[in-house]
Number of protein chains: 2
Amino acid sequence: MNDGLFKCLSDSNRRRILYCIGENEMCVNNISECLGLEQSLVSHHLRELYQCGLVERERKGKKNFYRISGMEIIELLKSASKLGDSLEECANDQ
Amino acid sequence: MNDGLFKCLSDSNRRRILYCIGENEMCVNNISECLGLEQSLVSHHLRELYQCGLVERERKGKKNFYRISGMEIIELLKSASKLGDSLEECANDQ
DNA sequence: CGTTCATATGAACAACTATTCATATGTTCT
DNA sequence: AGAACATATGAATAGTTGTTCATATGAACG
């Protein structure tokens with residue numbers, strides 16, 4: 001029942017990574033600088049994103065570049081967070 | 001960064017509940033019969049869905065009826081699982 | 001009131017997840 | 001070959017999450 005995708009998107013650092021490489025492909029170091037996350041943490045998350053098929057990888061010299069697999073992913077993230085906002089307005093939390 | 005929504009949608013039983021009440025509102029017993037889940041489990045999940053604002057609740061006599069807060073939720077689920085399918089085709093798992 | 005039905009709650013536990021640290025792998029260049 | 005850079009991997013750990021069981025709450029009705 002497609003659990004993997006949702007599980008993968010349910011972590012905010014992974015979503016940040018997706019947004020980050022959504023515009024241009026980036027190498028691991030750039031991503032970790034850009035987001036202020038440890039290199040190995042980024043690497044772990046990229047592995048999960050890759051296994052889900054959410055990102056693609058390409059070696060260029062020493063560096064490994066990652067890019068998003070498709071813009072539908074960003075679209076999905078956006079409409080989800082739009083929905084999230086509208087739900088928050090009439091929220092039931094306590 | 002709207003973590004709650006994604007976390008909430010990342011569990012397959014919660015998504016099943018959403019689909020289940022997506023068509024008609026239902027009481028807790030019906031949901032648990034319908035999905036073959038324990039009453040208390042359904043209740044716990046409904047609580048989280050409610051706190052996220054994904055479902056609404058209404059008492060009618062002894063029974064508590066739950067309905068989905070809006071059809072955008074189902075739309076989101078559908079487009080997510082569509083995306084999930086297309087990612088699986090070119091998957092990188094092992 | 002007590003009983004029955006319907007649901008919610010809380011504690012307990014196992015399974016999973018995110019993060020960190022240390023280390024291994026792989027690539028380029030001298 | 002060795003050094004330096006870039007990334008991946010694995011073990012360890014703390015925190016979170018899903019599920020179950022037992023029990024509490026609440027509403028209707030005799």
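Reminder, nothing fancy here: chain letters follow the sequence lines and each chain counts from 1. Every heavy atom of this structure was used, including side-chain atoms; hydrogens, water molecules and symmetry mates were not.
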Result of checking B:K60, B:K63, B:R57, B:R59 against B:E25 for salt bridge (charged side-chain N to carboxylate O under 4.0 Å, His left out)
B:K60

Specify the separation, in whole Å, of atom OH of B:Y50 and atom C1' of C:dA8.
13 Å

Take the protein atom CZ of B:F6 and the nucleotide atom C1' of D:dT17, then report the distance between them rounded to whole Å.
18 Å

With respect to B:I17, which candidate in B:I68, B:V42, B:L41 satisfies the side-chain contact (heavy atoms from CB on, under 4.5 Å) definition?
B:V42

Looking only at heavy atoms, the pair that brings B:G53 and B:S69 closest together is O-OG, 2.7 Å

Answer yes if B:L37 and B:I31 sit in the same cluster of Ile, Leu, Val, Met, Phe, Trp and Tyr residues linked by side chain heavy atoms under 4.5 Å apart, and no otherwise.
yes

Between A:N64 (CG) and D:dT9 (C1'), how many Å, whole number?
14 Å

Can you tell me how far CZ of A:R16 sits from CG of A:L35, rounded to the nearest 0.5 angstrom?
4.5 Å

Check the pair B:E58 / B:R67 against salt bridge (charged side-chain N to carboxylate O under 4.0 Å, His left out), numbers first and verdict last.
CA-CA 8 Å; B:E58 186 183 358; B:R67 63 171 156 266; 3.2 Å; yes

Per-nt protein contacts along nucleotides 19-30 of chain C (heavy atom under 4.0 Å; B base, S backbone sugar-phosphate only, - none) come out as SBBB----SS--

Of the residues in residues 21-34 of chain A, which ones touch DNA chain C at a heavy-atom distance under 4.0 Å?
none

Provide, to the nearest angstrom, the distance between the CD atom belonging to A:Q51 and the C1' atom belonging to D:dA8.
12 Å

Taking every non-hydrogen atom, the tightest pair across A:V55 and A:Y50:
O-CD1, 3.5 Å

How close or far is atom P of D:dG18 from atom CG of A:D3, stated in whole angstroms?
10 Å

In Å, rounded to the nearest 0.5 Å, how long is the span from CG of A:L54 to CG of A:L5?
5.5 Å

To the nearest Å, how far apart are A:L46 CG and C:dA18 P?
13 Å

Output the rounded distance in Å from CZ (A:R47) to C1' (D:dT7).
13 Å

Base, sugar-phosphate or nothing for B:Y66? Non-hydrogen atoms, less than 4.0 Å.
sugar-phosphate

In this structure, CG of B:L9 is separated from CZ of B:R14 (nearest 0.5 Å) by 8.5 Å

